[in-house]
Amino acid sequence: TILIWGANPVYTQIPNAHFLNEARYRGARVVTIAPDYSASSVHCDLFVPVRPGTDAALALAIAQVMLASGRIDHAFVRSQTDLPLLVREDDGRFLRESDTVAGGREDGFFAYDEVSQRIVAAPERSLDWGEATPALAGRYEVETLAGRIGVRPVLDMLRERLDRDYTPEQAAEVCGIAPSLVRKLADWVADSKALSGVAGSSLPKLYHGDLIMRAQLLVFMLGGHLGRPGAGFDTCPFLRIDG
């Protein structure tokens, strides 16, 4: 699945736009997400007419569906993101080594290992957790210098926030589109073997556009759609489809 999201490559990336059509001939599905029915929208399989500036809500709704249905790449999320790291429930900060040991580091973080049933330090020189399997859900208690506190993985807190505020029905109201369309797009994304994004350079120009793109990237990270053929998120005016 290829998302044209915040771009109009048929007009602005003319030398590269043919890759989109060639990918469709080879079985890819192309989606255009934009306020206007652009030239790129004509050559796509699904058009999602979002209200200008509401793209973050749409992305978070997609993430909500992916998490609620369990259609995420757990191994990728554990090794390539900070979503397994533990957050203190009392102040909302990451649990740090300085919280547990006098003179400890401020940049030493933890996850909860499902195997050993205890907290483990995040690796410093590698993304490999070794024998540990960081938990992505649950509430745990740890002993700190200030006493015993509750901690939860980032992903667990994110899931709770999305379930509360960003269901497809809630996002549809913000984005000005039908809830069924949000769910259809979310299902396409969640079921994709590879997801590629063409974002162009328009969204960063919006107020808080960086947050829109962070929400988009969350979708790609949850699905493990980075660093392999046919998958990736591109914000530059160039598109290449591999595989």
Next item on the list: Output yes when Asp156 and Arg159 qualify as a salt bridge under the 4.0 Å nitrogen-oxygen rule, no when they do not.
Entry: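 Salt bridge flag = yes for Arg159 with Asp156.
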Notebook entry, point to check: Are Arg105 and Glu124 within salt-bridge range, i.e. N to O under 4.0 Å?
Noted result: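 Yes, this pair counts.
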Check: Donor-acceptor pair, Thr144 side chain versus Gly147 backbone, under 3.5 Å?
Finding: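 A pair under 3.5 Å: yes.
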Item checked: Whether Gln64 side chain and Leu60 backbone form a donor-acceptor pair below 3.5 Å ->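 A pair under 3.5 Å: no.
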Note to self: Please find the pair of heavy atoms, one from Arg88 and one from Phe94, that lie closest to each other, and give the distance.
What the structure shows: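 In terms of heavy atoms, the two residues are closest at CD-O, 4.2 Å.
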Notebook entry, point to check: Looking only at heavy atoms, which two atoms of Gly6 and Ser202 are closest? And how far apart?
Noted result: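 In terms of heavy atoms, the two residues are closest at O-OG, 2.6 Å.
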Heavy-atom check, side chain of [X] versus side chain of [Y], under 4.5 Å:
{"X": "Ile177", "Y": "Pro49", "result": "yes"}
{"X": "Leu185", "Y": "Leu3", "result": "yes"}
{"X": "Leu46", "Y": "Arg29", "result": "no"}
{"X": "Glu89", "Y": "Arg152", "result": "yes"}

Notebook entry, point to check: Are Ser98 and Arg96 close enough that a side-chain donor and a side-chain acceptor fall under 3.5 Å?
Noted result: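 No, no side-chain donor-acceptor contact under 3.5 Å.
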Margin query: Using the ring-ring contact (aromatic ring centres under 6.0 Å, His included) criterion, which residues pair with Tyr140? Sequence neighbours excluded.
Written below: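 Tyr112.
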Next item on the list: Check side-chain contact (heavy atoms from CB on, under 4.5 Å) between Val115 and all other residues, then give those that pass, not counting sequence neighbours.
Entry: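 Scan of Val115 (side-chain contact (heavy atoms from CB on, under 4.5 Å), adjacent residues dropped) gives Asp113, Thr133.
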